[in-house]
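Order of the sequence lines fixes the chain letters, A, B, ..., with proteins taken first and strands second; residue numbering starts at 1 for each chain.
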Protein chains: 4
Amino acid sequence: MSTDPKTRKRRVNGEESRRKILDAAASVASERGYDGTSIALVSKACGLPASSIYWHFKDKDDLIAAVIERSFGTWLAAVNVPDGDSPRERIAEMSMQIASALLETPDFLRLGLMLALEKRPEEVRARTMFLSVRDEANRRIAATMRDFAPELSEHAVKLLTTYAISAADGLFVAKEIGGDDVDLISLFELHAHLVYDAALRLAAQSAAR
Amino acid sequence: MSTDPKTRKRRVNGEESRRKILDAAASVASERGYDGTSIALVSKACGLPASSIYWHFKDKDDLIAAVIERSFGTWLAAVNVPDGDSPRERIAEMSMQIASALLETPDFLRLGLMLALEKRPEEVRARTMFLSVRDEANRRIAATMRDFAPELSEHAVKLLTTYAISAADGLFVAKEIGGDDVDLISLFELHAHLVYDAALRLAAQSAAR
Amino acid sequence: MSTDPKTRKRRVNGEESRRKILDAAASVASERGYDGTSIALVSKACGLPASSIYWHFKDKDDLIAAVIERSFGTWLAAVNVPDGDSPRERIAEMSMQIASALLETPDFLRLGLMLALEKRPEEVRARTMFLSVRDEANRRIAATMRDFAPELSEHAVKLLTTYAISAADGLFVAKEIGGDDVDLISLFELHAHLVYDAALRLAAQSAAR
Amino acid sequence: MSTDPKTRKRRVNGEESRRKILDAAASVASERGYDGTSIALVSKACGLPASSIYWHFKDKDDLIAAVIERSFGTWLAAVNVPDGDSPRERIAEMSMQIASALLETPDFLRLGLMLALEKRPEEVRARTMFLSVRDEANRRIAATMRDFAPELSEHAVKLLTTYAISAADGLFVAKEIGGDDVDLISLFELHAHLVYDAALRLAAQSAAR
DNA sequence: AATGAATGAGGATTCATTCAT
DNA sequence: AATGAATGAATCCTCATTCAT
């Protein structure tokens, strides 16, 4: 940390502006989606004129892709595979981590799902960014799954992984819609339980063959 | 009701125009969401001038709400609770019906979820329409659930219902994203299975208390 | 001419607006070129809001192409090949017609030349329009030339035609630059004379071979 | 003049930057005209940030005027009045020089003509620069003309000079439009021939009076 | 029941330019 | 001598909506 106030003030200004813009864009976009996020709105929210946004980002697409990217970063940092403990406990622990990360920084998934559902002709970079980030998550979960139950066939791994992620998405959506009426923690607990049991059963079937 | 052929002709034409507009709006909106759906786009897609759209619908909001409403109608018609058979088979059967209805007419849920995720200040009628339609679905499923396992506590019913619907949403989203890579039928089969088992277990717990 | 004022007022309004826009665009564009012609400027000049311009024309390019097209029409109407008289007199007569048409409606050529000189990457429709219109003029003059001196080789016809048109362009530019200092009529007289003599000489050479 | 190597280094670098900017501006401006030449485009083409351009040039106008000035310099250097030989040969020789200078460095005239055709309210310095440069050319040619045929009336000198320059402009434009289809050399040969004959005839007429 | 035309507000983006370093 | 960042005005164009017919 530099102690020279002048250097810090000036040098960092560019990056600070960039950060302010990203913050503003994240909050606007996660509330109103891609189309609903106008540059004017972001400009108002961050205090910088619209033209300044274009100094930091090529275009709206670039801006929102950056929002997704950063948002995924913070999100990932909050989730880390625990080791030790029994498989059941590890899975429950991860499940809790994901649930609370979703409660704390929902921007990533909310905006991502909005983009994912849209199928406009011209592929939006932001959408691609979300999908690739999601693919990465997919691979990690599949790896954990194989690790934990090596007998599972590849087909079963894929089925379970897709189910695990999809249902989590759905629960998140329910929470977004239902607000405090929805007990996300309990739902994720149930979810972890069900997926764990399903994995055991499928592993047993595979082994039997 | 007038028998004057001219009047009838007009009315029939009017209804056909209305239908054409709804068709166009449904296809555009399910691809691009609320904001991405411009009247000009709908006009181009249905061949009628923009001003004609305003003869049939009060405003854009009204149009999209109508799309949701009609879309839900067709959708509901495809799903009907089967009777007879064992509970397990009935649940599996319903599950299949829902999965194939989603494959055939995905507009309803795709557009609905898009709207649900958006949180704009001015409540959009279309969104409200979707949410109320979804509440109705919720009630029906809860009723079925109580019917099938009366021992379940109200809390358990709510948890299971929410989980059942949410995961279905998530699976639908996965299918939308993944396309043919995703085997929606198998996923719903697994889903029905898991929810059924969970219901049994929770019912047993409730009974034990 | 309809005598019903209401019909005329309303029915024609669309076309009248279109005309007003074209008039305004012609005057602005011929003064400031393609880039200098902003829709806002045209809007101010014609009294209609910018968005109305887009009702009548697809985009700026379309608008300016239409200006060129119409402008060429009026221009062509003012020039018609005279018959009777000796070749020399006919050429002199045509030459005068062209000169005075240029003096009266210079928009066409001024804007056209501006566009022709620009070589931007994305071909502008307006430019293409001018070039095709110019090709047509080229063909007509070449035909007249062949008609009048059949002995001329094709090569000579092309050389003379190009020279005739090009020098006329140049004289027009000089007049645009120099204003009243430049006696366009005398210059065209001289030009006609020189081209005529050149044609005679080249025809004689061709015949001699 | 300082001998301090640092200062010299800077100055040399500075002049090289200036040159790079001018090169970039010349290429952009000769392709897209005054309005089409944005500082951002020039910046991209020369690799220096926009703000650096403003260190070397007061504003856009200044930059483009400098382009014209330098461009005219290189151009002039390529054309030098030959002495000795007969008048006819001297004119033919000059004509060839001009034609090949136009083929090699067309930027000057292309940009100049674009500017000349525009008539915007606020006089652009770059345009004035071109016009004054052109006036100078005019004077030189008139002087040559008087020198070569002293009997010519001032009126005839002016007419011939204007015609000579204008037609040359026109031929240049034709070459710009037509590309390789247009044989600029032959056209200039013809042009020189015609002007020469016209001068002879007018001189004879003047003498006769 | 339908439509051609119009319109003000707002969309994304680029403009020429400035300023502190 | 150079530059990263900022900025207000302007760019083209689309928006949802209205209105007279």
Side-chain angles (χ1 to χ4, degrees), chain A residues 6-7 9-11 13-18 35-43 48-61 63, chain B residues 6-7 9-18 35 37-43 48-61 63, chain C residues 6-7 9-11 13-18 35-43 48-61 63, chain D residues 6-7 9-18 35 37-43 48-61 63:
Chain A
K6 243 189 301 178
T7 304
K9 190 90 185 288
R10 300 299 175 184
R11 268 278 162 71
N13 253 353
E15 269 166 40
E16 192 181 314
S17 293
R18 200 189 132 95
D35 283 301
T37 302
S38 77
I39 298 294
L41 230 37
V42 175
S43 154
L48 291 166
S51 47
S52 290
I53 297 179
Y54 283 88
W55 170 260
H56 294 277
F57 301 93
K58 194 184 148 296
D59 53 20
K60 182 176 155 176
D61 210 10
L63 169 59
Chain B
K6 244 192 292 178
T7 304
K9 181 92 184 293
R10 266 196 203 137
R11 190 167 294 160
V12 168
N13 278 347
E15 264 161 46
E16 189 180 319
S17 291
R18 201 188 132 93
D35 282 302
T37 301
S38 77
I39 299 294
L41 230 38
V42 175
S43 156
L48 294 167
S51 46
S52 292
I53 297 178
Y54 280 86
W55 197 91
H56 291 278
F57 302 92
K58 191 183 151 295
D59 54 18
K60 180 176 155 177
D61 212 9
L63 169 60
Chain C
K6 243 190 299 178
T7 302
K9 191 89 182 290
R10 299 299 175 181
R11 268 280 162 67
N13 252 355
E15 270 166 40
E16 191 180 315
S17 292
R18 199 189 134 96
D35 283 301
T37 302
S38 77
I39 299 292
L41 231 37
V42 176
S43 155
L48 290 166
S51 47
S52 290
I53 297 178
Y54 285 90
W55 169 260
H56 293 277
F57 302 93
K58 192 184 151 296
D59 53 20
K60 182 176 155 177
D61 210 10
L63 169 60
Chain D
K6 246 193 292 179
T7 304
K9 181 91 185 293
R10 267 197 201 133
R11 190 168 291 160
V12 168
N13 278 347
E15 263 160 45
E16 189 182 317
S17 290
R18 201 188 132 93
D35 282 301
T37 301
S38 77
I39 299 294
L41 230 37
V42 175
S43 155
L48 294 168
S51 46
S52 292
I53 297 178
Y54 280 87
W55 196 92
H56 290 278
F57 302 93
K58 191 182 152 295
D59 54 18
K60 180 176 156 178
D61 211 8
L63 169 60

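Side-chain atoms of A:S17 come within 3.5 Å of backbone atoms of A:N13 as a donor-acceptor pair (strictly under, hydrogens ignored).
As a whole-Å value, the separation of B:F57 CZ from F:dA16 P is 15 Å.
To the nearest 0.5 Å, atoms CZ (B:R18) and CH2 (B:W55) are separated by 10.5 Å. C:L63 contributes atom CG, which lies 5.5 Å from atom CD1 of C:I39 (distance to the nearest 0.5 angstrom).
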Dot-bracket notation for DNA chain F, counting Watson-Crick and G-U pairs under 3.5 Å, with | for partners on another strand: .||||||||||||||||||||

Per-nucleotide protein contact string for nucleotides 8-13 of chain F, where B marks a base within reach and S marks sugar-phosphate only (heavy atoms under 4.0 Å, - for neither): B--SSB

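Minimum atom distance to the side chain of D:W55 is reached by F:dA2, of the listed E:dA5, F:dA2, F:dA6.
The two atoms that bring A:A50 and A:S43 nearest to each other are N-OG, 3.6 Å, heavy atoms only. Shown here for A:K60 and A:D35, the closest heavy-atom pair between the two residues is NZ-O, 3.8 Å.
Comparing A:H56 and D:I53 against DNA chain F, the residue whose closest nucleotide sits nearer the 5' end is D:I53.
A sub-4.0 Å separation between OP1 or OP2 of E:dA2 and a side-chain N or O of B:S17 is present.
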